[in-house]
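Here's the structure, in structure tokens; my notes come after.
When reading the values below, keep in mind they use all heavy atoms of this one structure, side chains included, and skip hydrogens, waters and symmetry mates.
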Amino acid sequence: MDHQKTARERFLEMKGWSFILSMHLNSALKNKSVKNFEEATANILHFMSKLININTLFIAKNDKQVNEIKKAVNKNTVLIQEGTTMPFKETFCKVSVDKGNDILLIEDITQNERTKHLNVTEDLGGGSFIAIPIYYEDGENYGTICGLDTKTFEFTDQHIELFQTMSSLLTYVLELDKANKEIKEISVPIVPLTKGVAILPIIGHINEYRAELIIQSTLESSMNLELEHMIIDLSGVSRINNSVSEYLLNIVKLLRLIGVTPILTGFRPDLAITTLHVDVDFKGIMITNNLESALTQIGFSLNKNDNNHSRSQSVM
């Protein structure tokens, strides 16, 4: 009875910690202290390593062709390294995915019909394996969360519950991460206009977090699109104050550092008046009153074709 009580206490403790971890990750993702899915996976694996004394825990992603180790925690012996890849068909992970939603338990990989013929089994020499697939909300497979040891490991109901809970949690985290990325794309809609030129329309209020998003996306897009000019349209900005002005100056300075010429446009009369009262100097920054003027400044003109559609044309 004492042994059963102890096991039950451990089980309830594990479920309690699973709930706490779920709440923690949910809060962390919303507050941006955990920035993305990969950071969340690191937290989850370290948490799991305290509840199951297996040598290696890892999360792998596959595209049905290649299996990539995204995160790994090794205790005594390094069995799995982050970033390594191998053909998906030659992995234990594929065996797990083929099994579907159910947990895969293999206490002896050298005796199991689905793993004994694999090269990885020969390389390990023996051991135990546990895994369950991770799915997106729409049912598409992301990869697997796995446990591996070269020694025989006795899996319990608590271990099964742990992996099932973490798999469900990772599905939730994947969707949060996807939503955050979509919000980021909507928040920073960089639109290429022509070769070397793009426009960034900023709409609404700019706070510190959004300013960081704008800076990150602007720099990435500038490099990927090989931009020479970035037109920043402020006509949709709700208000200008010292903080917003500082954010804009930081964006301008960073663009200049990577060789992109920033142009500010769209200062409404109310924004222009407010700007006079902030303690930020906009001298030396190219400022125009609208997009057409900005394009003209860098050698483009807007001409109407026969269908009354505007198009840009270089006059350089």
Criterion side-chain contact (heavy atoms from CB on, under 4.5 Å) on F153 and I52, from CA distance to verdict:
CA-CA 10 Å; F153 193 91; I52 180 170; 3.7 Å; yes

Between T144 and S96, does the side chain to side chain donor-acceptor pair (under 3.5 Å) criterion hold? Intermediate values first, please.
CA-CA 7 Å; T144 46; S96 174; 5.7 Å; no

Kindly determine whether H159 and T156 satisfy side chain to side chain donor-acceptor pair (under 3.5 Å), including the steps that lead there.
CA-CA 5 Å; H159 298 146; T156 67; 3.2 Å; yes

Could you give me the CA-CA distance, side-chain angles and deciding distance for N290 and S293, then say whether side chain to side chain donor-acceptor pair (under 3.5 Å) is met?
CA-CA 5 Å; N290 55 43; S293 299; 2.9 Å; yes

Show the numbers, then the answer: is there a side chain to side chain donor-acceptor pair (under 3.5 Å) between K64 and N141?
CA-CA 9 Å; K64 298 183 180 179; N141 178 241; over 6 Å; no

Run the side-chain contact (heavy atoms from CB on, under 4.5 Å) check on C93 and F58 step by step: do they pass?
CA-CA 11 Å; C93 294; F58 65 95; 3.9 Å; yes

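Among pairs with a residue in residues 68-111, those fulfilling ring pair (Phe, Tyr, Trp, His ring centres under 6.0 Å) read F92-F129, at least two apart in sequence or across chains.
By the 4.5 Å heavy-atom criterion applied to side chains, H46 and V73 are counted as neighbours. Side-chain contact between I232 and I202 is present, with at least one heavy-atom pair separated by less than 4.5 Å. Side chains of V197 and I298 form a contact here, defined as non-hydrogen atoms less than 4.5 Å apart. Using a 4.5 Å heavy-atom threshold, the side chains of V237 and I203 count as separate. At least one side-chain heavy atom of L295 sits less than 4.5 Å from a side-chain heavy atom of I231. Contact check for L170 versus I59: side-chain heavy atoms found under the 4.5 Å cut-off. L234 places a side-chain heavy atom less than 4.5 Å from the side chain of L248. At a threshold of 4.5 Å between non-hydrogen side-chain atoms, the residues L162 and M166 count as touching.
Interatomic distance, NZ of K75 versus OG1 of T56, reported as 9.5 Å (0.5 Å rounding). Rounded to the nearest 0.5 Å, atoms CG (L219) and CG (L255) are 6.0 Å apart. Considering NE2 of H229 and CG of L227, their distance stands at 10.0 Å, rounded to 0.5 Å. Put simply, CE on M223 and CG on L225 are 11.0 Å apart, with the number rounded to the nearest 0.5 Å. Distance check: E220 CD to I215 CD1 gives 12.0 Å after rounding to the nearest 0.5 Å. Distance check: T165 OG1 to Q158 CD gives 11.5 Å after rounding to the nearest 0.5 Å.
The same ILVMFWY cluster, assembled from side-chain heavy atoms under 4.5 Å apart, contains both I132 and L105. Each of Y135 and I130 belongs to its own hydrophobic cluster when Ile, Leu, Val, Met, Phe, Trp and Tyr are linked at side-chain heavy-atom distances under 4.5 angstrom. L104 and V120 fall within a single hydrophobic cluster, where Ile, Leu, Val, Met, Phe, Trp and Tyr are joined by side-chain heavy atoms under 4.5 Å apart, directly or via other members. Put simply, F47 and L148 are part of two different groups of oily side chains (I, L, V, M, F, W, Y) that touch within less than 4.5 Å, one to the next.
The residues E82 and K70 are annotated as not salt-bridged, no charged nitrogen and carboxylate oxygen being separated by less than 4.0 angstrom.
The backbone N or O of F267 lies less than 3.5 Å from no partner atom in the side chain of N289, so there is not a single donor-acceptor pair. Side-chain atoms of S168 come within 3.5 Å of backbone atoms of Q164 as a donor-acceptor pair (strictly under, hydrogens ignored). N67 places no side-chain N or O within donor-acceptor distance of the main-chain N or O of T85, the cut-off being under 3.5 Å. Remark: side-chain polar atoms of E175 are paired, donor with acceptor, to backbone N or O of E137 under 3.5 angstrom. The closest donor-acceptor contact from the side chain of T121 to the backbone of T115 lies under 3.5 Å. The closest donor-acceptor contact from the side chain of N112 to the backbone of I106 lies at 3.5 Å or more, if one exists at all.
For D233 and T265, the side-chain atoms include no donor-acceptor pair closer than 3.5 Å. Counted by atom type alone, T152 and S128 present zero donor-acceptor pairs between their side chains at under 3.5 Å. Between N62 and K94, the side chains place no donor N or O within less than 3.5 Å of an acceptor N or O (distance only, hydrogens not considered).
Closest of all the heavy-atom pairs between P192 and A198 is CA-CB, 3.9 Å. Across every non-hydrogen atom of T218 and M230, the tightest pair is CG2-CE, 3.7 Å. In terms of heavy-atom proximity, A72 sits nearest to L45 at N-CD1, 4.0 Å. The minimum heavy-atom distance linking K89 with L118 is given by the pair O-CD2, 4.2 Å. Of all heavy-atom pairs between L57 and G147, the closest is CD2-CA, 4.0 Å. Of all the heavy atoms in E113 and K116, the pair that sits closest is OE2-NZ, 3.0 Å.
Annotation: K151, atom NZ; neighbour count of heavy atoms from other residues, nucleotides and ligands within 6.0 Å does not exceed 12. Residue E122 qualifies as open at atom CD: its count of foreign heavy atoms under 6.0 Å is 12 or below. The environment of CD in Q81 is sparse: at most 12 heavy-atom neighbours from other residues, nucleotides or ligands sit within 6.0 Å.
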